[in-house]
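Take a look at the structure set out below.
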There are 2 protein chains.
Amino acid sequence: MSSNLPSLRGLAALDALARHKRQGAAAEALGISRSALSHRIADLEAELGARLVTRSGRVSMLTDEGTALLAAMGDAIGRIEAAVAPLQRRLRQIRLSTVNTLAANWLLPRLPRFQRAHPDMEIAVLTTQRVADLDGEDVDCAIRNGMGDWPGMAARLLFRETLVPAAAPGLALGRPSGWPVIRARARFRDWPLWWQQAGQKREAPSGGMVVENRAQALEAALAGAGVVLTDARYLDTHLAAGRLRVLGPVIELDTGFHFVRSRAPRNPRNVEALARWLEEEGRSAPQAGWPPGASD
Amino acid sequence: MSSNLPSLRGLAALDALARHKRQGAAAEALGISRSALSHRIADLEAELGARLVTRSGRVSMLTDEGTALLAAMGDAIGRIEAAVAPLQRRLRQIRLSTVNTLAANWLLPRLPRFQRAHPDMEIAVLTTQRVADLDGEDVDCAIRNGMGDWPGMAARLLFRETLVPAAAPGLALGRPSGWPVIRARARFRDWPLWWQQAGQKREAPSGGMVVENRAQALEAALAGAGVVLTDARYLDTHLAAGRLRVLGPVIELDTGFHFVRSRAPRNPRNVEALARWLEEEGRSAPQAGWPPGASD
DNA sequence: CCGGACAGGTGAGAATTTCTCACCCATTTG
DNA sequence: CAAATGGGTGAGAAATTCTCACCTGTCCGG
C-alpha cells in the first residue's frame, strides 16, 4: 500500500499535452508557463523511468507508454477535479451577513465595483433582519451595527451611524415641529435624539406613522407619507435621483457599522481584501460635499 | 480548465484516514510520519476551506463534506496508482545483460547478497550468448568481455580474465602434455596462451574434445571428460564443493569483464549502486588465498 | 482523582517540488 | 537565409512536504 504516488501535476501535464498536441497550448490550458510544463513532463518521465512523449516535427506525440498510461488512468484527474470543484467554488465565495437596509441602500450599489476589481471572488450577501450570530451560521463575515464592543471579536469600524431627516420633494411641509414624522418601531429613540442634537427649539413632533423597521420607513417616505429619519448613506441614490430631499442637519451617533469576521473564515485572504475595501468605501463616501444635491 | 488541482498527497491522506480511522495507522499505510499526515489533512482542509475530519474521542471521523469528497472521487487515486504501477515496477528493475557463463558461475551465486542489501531493487539478468548491443535492446546495463575500449561508452573494469586448468577430482591424469584437454570453439586460443605463459616445457597437447562454448566446456569437465581451461572465478563454487580441482597456475589475460551502462538507463541511481557493488565484488573475491581449497 | 499510555496538533527547519525567467537549440516557413 | 514557432535547460525563488521535538487532550487502571 505504500506506493509512491506520482505527481498529479505531472500527470495533468501529460493529459493536457495529449489533448492539445502542443506544449504551449497545454501549458496555457493549465495556467502555467511553457517552461513549467516542459519541466513537469521531463520530471514525470524521470520519475517513471520511461519516455512518454516524442517530438516529431512540430507536434508532440505520446509514446505507446504515454498513451497506455493515460488510458489506464481513465478520467481519474477529471474525477478529482469534479470532486473538488464544489468545495473550491464555495471557497471563492465570501458570505457576508448584514441587515436589509444597509444591503439595499449602501452595500449592493457599491458591490459591482468590487466584483470588477476582484473577478476571482464571489460575494454572497445574506440579509438577515436580526444580526446573525457569526459562528453559528455558515457565514464568513458580517457588517454589524453597534458600538463595536462585542466580546471576543475584533470589530473594524466602517463608519459611524448618522441621522438626517428627508422626505419626498412633493410633500408640503410646515415648520419642523409640525412634520409628519415616520417612526421605525425598532428605532423609536432616533427622533428624540436628532431633535435634541440638531438644536431644534420647539418640541419634537409626536404622533406620525409607525412602521416595523427602517426599510419600511424609507419606503413610506419615498411614497410621500412623511419625513423619515435615517442614515445619510442610505439616501445617496434617492437624493441623486431626486426622489427625496434633505430637510435638516446630519447628526452623528456613537454607534456605527462594523466589519466583523467569523472565527474561521473559509478564505482569510479574500475576507481581508473585502474588509479593506469596505473600510475604504466607508471612509471615502460621503462627508465631503454632503448632501450631494441640495443645501436646504 | 485552469482549475487548481488539489494536492494528491492530501487526498490520499484523507482516503487512508477514512479507511484506517486512526492517523497513526493511516500514516503507516502511506509510509509517512503521523505528523506528516496531520499536516497533510490540515493543509487540505485549508486548501478547500472546509473541515473534512472531526476527532470524536479516540477515532477520527470524516465530516459529511469529507465523505462526499471521497465518494465523488471514487477510486480515482486507485486508478492512478494502478496506471503507474507497471512503469514503477519496471523502474525498480535493473536489466543486466551478460553472457551465460559469467551469469551462471559468478554473477548468480553472488546476486542474493545484493538483493538482500537492496530489497527495493530487482535485478533481471538477461543472458545472451552474443553481446547485446546496449542501446538497441531494452537493457539498462551489461557486463561485457573485452579490452574495455568500446567507442562511445565508458567501461568500468570489474576484473581481468584469468585462465586456470581444472578437472574433476576422479580423473586420472598423467603429465600436462598428456592432458585430455577440452576446447571451446569460441576460445581456441586459450590453451596455447596458457601453455606459453604458464611456462610449460613440453609441447601443448593437441587433440582433445571440442565443444561449442565455455559453459559446455565446464559441463564436460564436471562430467569428468577432461581438463578445462577457464576463468578462475568460474570455479569458485565447484572447487568449494569438491567437484573440480586446480591443475596449474592462474594466468591473467589483458582482456577483462567490464561493466557498461546503456546511454539512458531507467533508474541511474540504482544502476550506479549495482555498478559499485559489482566493482567491489570483482576486486574482493579471489586473488587473496586463491585457489580456495587445493595448492596443487 | 492521579498518572501513564495513547491519539492528535504544532512550529521549526530541512528536503523536495514546482514555478518562472532568461536563455538556448531545432525545425519550419516566408 | 532570417524570422517565427516550438521545445529544452539551468538558476534561483517560492511552495509544498516531510521529520523531529514537543505540546495538548482523552481514556483507563490503580
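By convention in this document, chain letters (A, B, ...) are assigned in the order of the sequence lines, proteins followed by strands, and residues within each chain are numbered from 1. Computation of the quantities below employed the complete heavy-atom set of this structure, encompassing side-chain atoms and omitting hydrogens, waters and symmetry-equivalent molecules.
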Does D/dC18 have OP1 or OP2 sitting under 4.0 Å from an N or O in the side chain of B/Arg9? yes
Side-chain N,O (B/Gln23) to OP1/OP2 (C/dG9) below 4.0 Å: yes
When you measure only distances, ignoring hydrogens and angles, does the side chain of A/Ser33 come within 3.5 Å of the base of C/dC19 through a donor and an acceptor? no
Nearest-Å distance, CG (B/Leu48) to P (D/dT16)? 13 Å
It should be established whether A/Ser35 places a side-chain nitrogen or oxygen under 4.0 Å from OP1 or OP2 of nucleotide C/dA22. no
Given atom CZ of A/Arg40 and atom P of D/dT16, what is their separation to the nearest angstrom? 13 Å
Length of the line joining B/Leu62:CG and C/dG8:P, which is rounded to integer Å: 13 Å
Rounding to an integer number of Å, can you tell me how far A/His39 NE2 sits from D/dG10 C1'? 7 Å
Residues that A/Glu45 engages under side-chain hydrogen bond (donor to acceptor under 3.5 Å, both in side chains), provided they are two or more places apart: none
Interatomic distance where CG belongs to A/Asp43 and C1' belongs to D/dG8 [whole Å]: 12 Å
To the nearest Å, give me how far apart CD1 (A/Ile41) and C1' (D/dT9) are. 16 Å
Starting at atom CG of B/Leu37, determine the distance to atom C1' of C/dT10, rounded to an integer number of angstrom. 15 Å
Pair of N/O donor and acceptor under 3.5 Å linking D/dG6 base with A/Arg22 side chain: no
When you measure only distances, ignoring hydrogens and angles, does the side chain of B/Ser38 come within 3.5 Å of the base of C/dT10 through a donor and an acceptor? no
To the nearest angstrom, how far is B/Glu28 atom CD from C/dA7 atom C1'? 14 Å
Check whether any side-chain nitrogen or oxygen of B/Arg34 sits under 4.0 Å from OP1 or OP2 of C/dA7, and answer yes or no. no
Tell me whether the guanidinium CZ or amine NZ of A/Arg144 lies under 6.0 angstrom from the six-membered ring centre of A/Phe257 and within 45° of its axis. no
Option from A/Asn270, A/Leu274, A/Ile123, A/Ile94 for which side-chain contact (heavy atoms from CB on, under 4.5 Å) with A/Asp140 holds: A/Ile94
Below 4.0 angstrom from OP1 or OP2 of C/dT18, is there any side-chain N or O of A/Ser7? yes
Could you check whether any side-chain N or O of A/His258 sits under 3.5 Å from a backbone N or O of A/Gly146, counting only pairs where one atom can act as donor and the other as acceptor? yes
Please tabulate, one pair per line, all N/O donor-acceptor pairs under 3.5 Å involving side-chain atoms of residues 59-69 of chain B, not counting sequence neighbours.
from	atom 1	to	atom 2	distance (Å)
B/Thr63	OG1	B/Arg51	O	2.9
B/Thr63	OG1	B/Leu52	O	3.2
B/Thr63	OG1	B/Glu65	N	3.4
B/Thr63	OG1	B/Gly66	N	3.1
B/Thr67	OG1	B/Thr63	O	2.8

